[in-house]
Number of protein chains: 2
Amino acid sequence: MLMSSQVESFVMHCGEMGSRWGFNRTVGQMYGLLIINEQALSAIQISEALNISRGNVSMGIKELQSWRLVQVQHKPKDRKEYYTPAGSIWEMAIRVFEERRKREVDPTLSLLRSNLLETPNTQEALFAQEKMKEIHDLLETITHWAAELQSLSPEKLNTLMKLGAGVSKVIDMKDRLLK
Amino acid sequence: MLMSSQVESFVMHCGEMGSRWGFNRTVGQMYGLLIINEQALSAIQISEALNISRGNVSMGIKELQSWRLVQVQHKPKDRKEYYTPAGSIWEMAIRVFEERRKREVDPTLSLLRSNLLETPNTQEALFAQEKMKEIHDLLETITHWAAELQSLSPEKLNTLMKLGAGVSKVIDMKDRLLK
DNA sequence: TCAAACTTTCAGAACATTCTGAAAGTTTAA
DNA sequence: TTAAACTTTCAGAATGTTCTGAAAGTTTGA
């Protein structure tokens, strides 16, 4: 499992990004390696390619599975498990996005909701609640919107994104027509 | 600087989230505290409210400034600096979003671009390049789109988000009209 | 120019995360 | 069954991050 220099730079970069994307360096490298390889890889191949312990690979795979980012494959006459990315690049992006929302936004929303149920009894508490309401409403609008966008087919979503700020014009047009 | 229990739970939660949002726990707490307080706070007030050292506050403020999330205020007859969040909740969201893009997406895009310039000389390298191209194109489409959306006014963007998956119908309608 | 009132910096301590490798657990084929 | 071929787990080592507090730096008014 020797990597070409391009592949290596990509894999190492995925490692650097790993921590920013929500998992750690090695998990990032592992995922990069799986994406960039046409063939599914065994745990040992991964551990040799990245120079990490077999145990670490096992934990990393578990983490990637919790993000629903890898699939296990089996080869005939071979007991080892072989790992490969789950789904297309598009699906991978959706998953990372969704999973991060679950970890970053959902807990905040539920805390805000429960705080908003209490009755403020001082001036400060009142101000605080107003701010919390603002944040709550914004996060809610965004998550709803994101969920709806995810329900669109990749093609539709692609058209939409390519349209960019143009959507705004299309909507204005609609408003005028309906008046 | 005693906090009511609601305020405290919010501030502590911002701390938990801090690390996920790209800064650390204390920086998250500091920012939460500033958001939730109507009055601007001095470094000492922050350090007392959160039970952290004065030095730590100084570093945290610096970090928040690098995210363009706080503003400094001065009061007459007082040499201390008073800190307050920069901009509305809306702007804060935009900033966090933008700053994260810079840290998480931009470096990846530039690495991918430079890798795509090289000519693949093996089957593996070819496959690897195809994948990198896919990721590159996806990230580019998304960042372009995000930039365009940010150019819209908050109101327009709000209408758009409320419309949700409905945009898709509006676009279909446009296509039919133009045919 | 000075010193009081602040802010910043940074070495080392405290704390948190990640990694290794050996031991324990699981699965399969005979 | 058994044992070979794997995977998982987890204590402790290695590494990385954050925090404190004392020292250094800066600004201001007199």
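In what follows, every chain begins at residue 1, and chains take the letters A, B, ... in the order their sequences are listed.
Atom P of nucleotide D/dC6 and atom CD of A/Gln45 are separated by 12 Å, given to the nearest angstrom. Distance B/Glu81 CD to D/dT27 C1': 10 Å, rounded to the nearest Å. Put simply, CD on B/Glu63 is 11 Å from P on D/dC19, counting in whole angstrom units. Summarising the geometry, the separation between CD1 on B/Ile44 and C1' on C/dT8 is reported as 14 Å, rounded to the nearest angstrom. Between the NE2 atom of B/His74 and the C1' atom of C/dT7 there is a distance of 11 Å, rounded to whole Å. Taking atom CG on A/Leu64 and atom P on D/dT7, their separation rounds to 15 Å, with Å as the unit. Taking atom CD1 of A/Ile46 as the reference point, atom C1' of D/dT7 lies 13 Å away to the nearest angstrom. Protein atom CD1 of A/Ile61 is 14 Å distant from nucleotide atom P of C/dC19, rounded to whole Å.
At its two ends the helix from C/dT1-D/dA30 to C/dA30-D/dT1 runs along axes set 20° apart, each axis drawn from five pairs and the angle rounded to 10°.
Of the listed nucleotides (D/dT7, C/dG21, D/dT9), D/dT9 has the atom at the smallest distance from the side chain of A/Lys62. For A/Ser58, taking side-chain heavy atoms from C-beta onward, the closest of the listed nucleotides D/dG21, C/dT7, D/dT9 is D/dT9. Nearest to the side chain of A/Asp78, among D/dC6, C/dA4, D/dT7, sits D/dC6. Side chain of A/Asn56, nearest nucleotide from D/dA4, D/dT7, C/dT20: C/dT20.
In the displayed structure, A/Arg25 atom CZ is contacted under 6.0 Å by at most 12 heavy atoms of other residues, nucleotides or ligands. Summarising the local packing, CD of B/Glu99 is surrounded by more than 12 heavy atoms from other residues, nucleotides or ligands at distances under 6.0 Å. A/Glu98 CD: more than 12 foreign heavy atoms inside a 6.0 Å radius. Residue-environment remark: NE2 (A/His74) exceeds the threshold of 12 foreign heavy atoms within 6.0 Å.
Taking 4.0 angstrom as the limit, A/Arg79 places none of its side-chain polar atoms (N or O) nearer than this to OP1 or OP2 of C/dA29.
Within residues 11-32 of chain A, the residues having any heavy atom under 4.0 Å from DNA chain C are, by residue number, A/Asn24, A/Thr26.
Using a 3.5 Å distance cut-off with no hydrogens or angles, the side chains of B/Lys156 and A/Ser168 do pair a donor with an acceptor. Side-chain atoms of A/Ser151 and A/Glu148 include no donor-acceptor pair closer than 3.5 Å. For the 3.5 Å distance criterion, the side chains of A/Tyr31 and A/Gln29 fail to qualify, holding no donor opposite an acceptor.
Comparing A/Lys80 and A/Met59 along DNA chain D, the residue whose closest nucleotide (by nearest heavy atom) sits nearer the 5' end is A/Lys80.
If you check every strand for non-hydrogen atoms under 4.0 Å, B/Ile52 touches sugar and phosphate atoms only.
Across A/Pro120 and A/Gln129, no two heavy atoms sit closer than the pair CD-OE1, 3.6 Å. Across every non-hydrogen atom of B/Glu104 and A/Trp21, the tightest pair is O-NE1, 3.8 Å.
Partners of B/Asn115 according to the side-chain hydrogen bond (donor to acceptor under 3.5 Å, both in side chains) rule, which considers only residues two or more places apart in sequence or in another chain, are A/Ser9.
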